[in-house]
Protein chains: 2
Amino acid sequence: MTSWIRYRSGSANVGFGRLENGRIHVHQGDLFDAPQPTGEVLSEAEVTKLAPCQPSKIVALWNNFHALAAKLEKAVPSHPLFLIKPSTSVCGTGEALRRPPSYGGKIVYEGELGIVIGKRCSNVAPGDAADHIFGYTCVNDVTAAELLNEDPNFAQWTRAKGFDTFGVIGPAIVPGFDWRAAHVRTTLDGVERQHYPLADMVFAPEQIVSLVSRDLTLLPGDVIACGTSIGVGSIKDGASVAVNIEGIGTLSNTLAK
Amino acid sequence: MTSWIRYRSGSANVGFGRLENGRIHVHQGDLFDAPQPTGEVLSEAEVTKLAPCQPSKIVALWNNFHALAAKLEKAVPSHPLFLIKPSTSVCGTGEALRRPPSYGGKIVYEGELGIVIGKRCSNVAPGDAADHIFGYTCVNDVTAAELLNEDPNFAQWTRAKGFDTFGVIGPAIVPGFDWRAAHVRTTLDGVERQHYPLADMVFAPEQIVSLVSRDLTLLPGDVIACGTSIGVGSIKDGASVAVNIEGIGTLSNTLAK
């Protein structure tokens, strides 16, 4: 299966390429518009991975798994429920998660599947949605949990989830990934905390793209985080979270002390 | 007072410049990084105005006026309450507002003051916030009101306010604008519906920039909509809304039939 990464090599050189057996086939141009191989091949070991794309926004779903809805005793929604995490929240694998200087409370991980949009779209018919999905990635939808209900009149989803480094995506984008039999597995300091089947989604990726594209225009590189399931928990300062989806890879980050 | 606009002249030529007495002094480069005059001068009448900048996001505040908080019987917040309207929602003066094909319900106007960020910033001290404000504009924060509370468990702020053309900004950006004595006046088909003093804000612009920048990194061209006050109402298909702030100008749009 093809896998695309973005990376930094040397001190400042940012590039992208197709990863195969530990070797990066460097490409140029636009990942979402017929990128061309340069002929250069790098070793995976000699680069630092970055977030695999630069979304203009991350659309993050809430309450999209039957198991979590049942645990929270919430009805499943009739339309995807979402908020936006800004472009400035994006963080790649291996980068430090940073506690906001103004916030001393609980910081929570949520392992998720991410859809990466390949083509600008709005009002996409369900049958056409697959054409607009470039591939899939892992997401850690990090949340400053104590801000969420700080104000009794307004749930602060954007504020709680929009901090720098709270939109963790990667390590790669895998086109054609078959999510139907896959699981999301999240570990905290190596101990498994989430292990749930993507088949339990309320809205599946093609439905999500179709329905969300009625509300927002989606741009190439935008990421839709499909929501999480049971096992969410808090990350202590210095702890490491890894979100793994077999066939995509492992997204690992440590909350800076 | 200096006023900056973006425009289209001819069929496709997009530019920006300083507007003075009906004449546009065309500039080149980056509006937020020492733009240079080209020497060319256009007549205001010969161009089509566009949104005056291209924000990566609009941060839209809720419950930021004492009068509206009192009317809604809500306590004023202790920190700005906000959502994000995506870059794809942005719309300029004169452009048609478009009803989402999937939505037949009430569409609501909210006349507001908009802060235009001039420099990338996070965790800005209150005393430094003014340095990061490029200027001010008018905002019509359009909302598909019936979506907001469609789901009992999740207020759909982003969905209700994020549609294409629902982030209306313009007609110009005015650096150094003194909002303290200014009013927002919104008319619907020429009839005044809002007329409220900006002095009634709970959080003033410099406080907003400082506090929001603790939560999100703000980028040059990002717009913060300061929230609305009393007089919000619905726009029938074919009706025109104009948001006026004396010293900035009038932002006029018609909801397409």
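Just so we're on the same page: letters track the sequence lines, and every chain starts at 1.
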* Inter-chain contacts: residues 64-78 of chain B against chain A, heavy atoms under 4.5 Å -> B:Lys74, B:Ala75, B:Pro77

* Asked: Side chain of A:Asn253, backbone of A:Gly92: donor and acceptor closer than 3.5 Å?
  -> yes

* Quick check: does any side chain N or O of B:Thr93 sit under 3.5 Å from a backbone N or O of B:Ser252, one acting as donor and the other as acceptor? -> yes

* Asked: Quick one: OG1 on A:Thr158 to CZ on A:Phe163, what's the gap to the nearest 0.5 Å?
  -> 11.0 Å

* So do the side chains of B:Pro52 and B:Trp4 get within less than 4.5 Å of each other, counting heavy atoms only? -> no

* Structure fact -> Scored by heavy-atom pairs under 4.5 Å with chain A, the best of B:Arg159, B:Lys57, B:His79, B:Gln156 is B:Arg159

* Asked: Is it the backbone or the side chain of A:Pro80 that comes under 4.5 Å from a heavy atom of chain B, or both, or neither?
  -> backbone

* So how far is it from B:Ile173 CD1 to B:Thr137 OG1, rounded to the nearest 0.5 Å? -> 6.0 Å

* **Gap between atom CG of B:Leu251 and atom OG1 of B:Thr186 - 0.5 Å precision** => 9.5 Å

* Asked: What's the shortest heavy-atom distance between B:Cys53 and B:Phe32, and which atoms?
  -> CB-CZ, 4.0 Å

* Asked: Are the side chain of A:Gln194 and the backbone N or O of A:Val184 linked by a donor-acceptor pair below 3.5 Å?
  -> no

* Asked: Any residues in residues 202-226 of chain A near chain B, with a heavy-atom distance under 4.5 Å, and which are they?
  -> A:Arg214, A:Asp215, A:Leu216, A:Thr217, A:Leu219

* To do: Would you indicate whether the side-chain heavy atoms of A:Phe134 and A:Leu31 approach each other to under 4.5 Å?
  => yes

* Asked: Yes or no on side-chain contact (heavy atoms from CB on, under 4.5 Å) for A:Val168 and A:Val139, after CA distance, side-chain angles and deciding distance?
  -> CA-CA 6 Å; A:Val168 194; A:Val139 175; over 6 Å; no

* Non-hydrogen atoms of chain A under 4.5 Å away: do they reach the side chain of B:Asp151, the backbone, both or neither? -> side chain

* For chain A, which residues from residues 95-126 of chain B lie under 4.5 Å away (heavy-atom distances)? -> B:Pro101, B:Ser102, B:Asn123

* To do: Mind telling me whether A:Trp157 and A:Trp62 have parallel, tilted or perpendicular rings, with 30° and 60° as the class edges?
  => tilted

* Asked: Between B:Arg6 (side chain) and B:Ala51 (backbone), is there a donor-acceptor pair under 3.5 Å?
  -> yes

* Asked: So, do B:Thr228 and B:Tyr196 sit near enough that their side-chain heavy atoms are less than 4.5 Å apart?
  -> yes

For residues 81-90 of chain B, which side-chain N or O atoms pair as donor and acceptor with protein atoms under 3.5 Å away, sequence neighbours left out?
from	atom 1	to	atom 2	distance (Å)
B:Lys85	NZ	B:Asp141	OD1	2.4
B:Lys85	NZ	B:Val142	O	3.1
B:Lys85	NZ	B:Lys161	O	3.1
B:Lys85	NZ	B:Phe166	O	2.8
B:Ser89	OG	B:Pro86	O	2.7

